[in-house]
Amino acid sequence: MPAGGFSASLAPPSGMEFEAKITPMVVTSCVTAATGGLMFGYDIGVSGGVTSMEDFQREFFPTVLRKRRENKGSNYCRYDNQGLQLFTSSLYLAGLVSTLFASYTTRRLGRRATMRIAGAFFIVGVIFNGAARNLGMLIVGRILLGCGVGFANQAIPLFLSEIAPTTIRGGLNSLFQINITVGILFANLVNYGTNRIHPWGWRLSLSLAGLPAVLFTLGALFMIDTPNSLIERGRQEEGKVVLKKIRGTDNVEPEFNEIVEASRVAHDIKNPFRSLLQRRNRPLLLITILLQMFQQLTGINAIMFYAPVLLTTLGFKTEASLYSAVITGAVNVLSTFVSMYTVDRVGRRMLLLDAGVQMFLSLVAIAVVMRTRVTDRSDHLGHDWAIMVVIIICNFVSSFAWSWGPLGWLIPSETFPLETRSAGQSVSVCTNLLFTSILAQVFLSMLCHLKSFIFVFFSICVAIMSLFVLFFLPETKNIPIEEMVERVWKQHWFWKRFMNDEGDNHVISEEETPPMVSLSDSFVE
Ligand SMILES: OC[C@H]1O[C@](O)(CO)[C@@H](O)[C@@H]1O
C-alpha cells in the first residue's frame, strides 16, 4: 500500500486525470461529515413510531386516541389529523426555509462552519423535544431540528462531492444516504423498545436524537474544510495544503489550477441564484428540481414516516407494526450499501432505471393487496397476507435505497459548476424538503380519501420519472466535478442546445433527435 492510502483504482475514462489516493483523511472526513445524515434519518424515523404510541397521543393528540379507541369510521381515516401531520411536516418546512440562509453560509463561511451551525440547532432542538410539556414546545423543537436539517443537508453533500476523488465520488457521497438510513433504523429500533415504557417512552425516543446530534457536532468542530471552499473564499495557500493532504500527493497542481479557475469564475457572479436562471444553467436546475421531486414522489416517505400507522391501518397491532418498520429499516440500510458499491461502476442511470421497474411493480402489488383485502370496516389481512405485504414493502424500499435515495442527493451535488454550486444545492435541499413536507402533511388525508389508489398514484409517478431518466438524464459517473459542464452537459443530445448562450432560437435538427437508448449508456457522446 502506498504511503498515505490506496491508489484510486478506477480512473476517469478520458480527459483530465488528477492524481489522487484514497487517503485516511478523505475517508475519516467523509465518514464524519456524513454523520449529519444520521440526525436527518433519526428525525424521519422517529416521528412515525412516536405518533402511533398511545401515551404520546394521550398527551398531545387526545382526539386521535379517542377516534382510534371508538373504532368508528373508515380504517383508512383513523389518523387523518392535521395536527398530527403538522408534527411530522413542521420539521421539513423549517428545513426548507433555513436552507436559503444555509446557501449563503456555505458560500461565505464555508462547508464546515455551516455544519457547525447545523449541530447547534440539532442540540437545542433535541432539548426542546425531549422536555416538551405541550404541543407548542414539541413543534418548536421540531422547527429547530428542521433548521439543523436545512443547514446540514446543504453543506454535507457538497462537502462529500468536493472532497472525494472523482473515481469514488458516487460511493463516498452515498455515505450521506447510508447515514440517513442508519438513523431511520436506529429510530425504529428505539421506538420498538420505548413503546413498552409507559408513560414516557416517547420522550426517550425524542431525546435519544441527542446521540447523533452530539456526534455530528463534535465531528464538525474538528473537521477540515474543502479545498474548493477555502480557495473560493480567497484562502488559496491553505486550500493547496489541504488538497495535498487529502489527495496524498504533492502533485496537485492540475486539480488546484482547475479549482482556482472555477473560483475565479465564481467570483464574477454577484447573485448565484439569479445566474441559476440563465439559459445555460436551466438544464442543471431543472434536473436538480426534478430529481429531488421525483425522489419524494416515489412514495418512500409514505412508508418511512407512516409505516407503523399504515400497517396498523392494515390490521397489524402496534407492536407488530413497529417490528415490521424495523425490518424495512434494516432492508433500507443494507440496500444503500449496494448503491455505494455499484454507483461508480455501473453508473447512475442504470441504477435508477432498474429500480424504476422494481418500484413500479411493488407499488402496484401493494395497491392490489389493499384494494382486495382491506375494506373500510374490515382490516384483517391474515397472517400470510401480512407477511406478503411486508415482503412487498421491503422490495420497494430496497430498490429505492440503491437508486433514488442516494442519487437524489448525489447528482445535484456533482452537476453544478462552482459558481452556482451552493445555490444549486440549496434548490436541491429546498425541493427535497418541500416535497417531503407536502407528503408528510397530506399523506394521511390522501390515504383516507384515495384509499388503495394512493399507491396507484405513486406507481404512475414512478413510471413517469423512469421515462424521464431514460431520455433526459445524462450519465455523470467518473467525470471530474469541475469538468461536468464541458464533458456532460455540452455533449448531451438534448441539453447541449442550452449550453451556448446564442442558442435561444435553436431549432432541433435531425441529428439531435434522441439516439436509440441503451440502458447502461448515457446520452453523452
Ligand atoms: O431512506 C429513505 C429516506 O431517504 C430520503 O429520501 C432522503 O434521501 C428521505 O426523504 C427518506 O425518508
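Every number for a ligand or one of its atoms is a count from 1 in the order of the listing. This structure is a prediction, so every number in the text was calculated from the model and none was measured.
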**Student:** Check ligand 1 against M304 and write out every atom of the ligand that is under 4.0 Å from a heavy-atom position of the residue.
**Tutor:** 2 (C), 12 (O)

**Student:** Under the side-chain contact (heavy atoms from CB on, under 4.5 Å) rule, collect the residues that match up with M137, sequence neighbours excluded.
**Tutor:** F128, A131, A132, R133, N134

**Student:** Return yes when atom CZ of F468 has more than 12 non-hydrogen atoms of other residues, nucleotides or ligands closer than 6.0 Å, and no otherwise.
**Tutor:** yes

**Student:** Does CE in M293 sit with more than 12 non-hydrogen atoms of other residues, nucleotides or ligands closer than 6.0 Å?
**Tutor:** yes

**Student:** Please identify which atoms of ligand 1 are closer than 4.0 Å to at least one heavy atom of Q296.
**Tutor:** 6 (O), 10 (O)

**Student:** I'd like to know if the side chain of S399 and the backbone of N395 have a donor-acceptor N/O pair within less than 3.5 Å.
**Tutor:** yes

**Student:** What pairs of donor and acceptor atoms, side-chain ones from residues 213-226 against any protein atom, are under 3.5 angstrom apart with sequence neighbours left out?
**Tutor:**
{"residue": "T217", "atom": "OG1", "partner": "A213", "partner atom": "O", "Å": "2.6"}
{"residue": "D225", "atom": "OD1", "partner": "R111", "partner atom": "N", "Å": "3.3"}
{"residue": "D225", "atom": "OD1", "partner": "R112", "partner atom": "N", "Å": "3.4"}
{"residue": "D225", "atom": "OD2", "partner": "R111", "partner atom": "N", "Å": "3.4"}
{"residue": "D225", "atom": "OD2", "partner": "R233", "partner atom": "NH2", "Å": "2.7"}
{"residue": "T226", "atom": "OG1", "partner": "E162", "partner atom": "OE1", "Å": "2.8"}
{"residue": "T226", "atom": "OG1", "partner": "S229", "partner atom": "N", "Å": "3.0"}

**Student:** Indicate whether the side chain of T114 and that of T105 have a donor and an acceptor atom separated by less than 3.5 Å.
**Tutor:** yes

**Student:** Could you tell me the residue and atom name of the protein heavy atom closest to atom 12 (O) of ligand 1, and the distance to it rounded to 0.1 Å?
**Tutor:** N301 OD1, 2.4 Å

**Student:** Does T436, backbone or side chain, put an N or O under 3.5 Å from an N or O of ligand 1?
**Tutor:** no

**Student:** T181 heavy atoms, cut-off 4.0 Å: which ligand 1 atoms fall inside?
**Tutor:** 1 (O)

**Student:** To which protein heavy atom is atom 1 (O) of ligand 1 closest, and what is the distance rounded to 0.1 Å?
**Tutor:** N332 ND2, 3.0 Å

**Student:** Say whether W409 and ligand 1 are in contact under the criterion: heavy-atom distance to a ligand atom below 4.0 Å.
**Tutor:** yes

**Student:** Just let me know how T336 lines up against ligand 1, side chain, backbone, both or neither, with a heavy-atom cut-off below 4.0 Å.
**Tutor:** neither

**Student:** Is a salt bridge present between E482 and R421, judged by a nitrogen-to-oxygen distance below 4.0 Å?
**Tutor:** yes

**Student:** Geometry only, no angles: is Q177 polar-contacting ligand 1 at N/O separations under 3.5 Å?
**Tutor:** yes

**Student:** How close does the nearest protein non-hydrogen atom get to atom 6 (O) of ligand 1, and which residue and atom is it?
**Tutor:** Q295 OE1, 3.1 Å

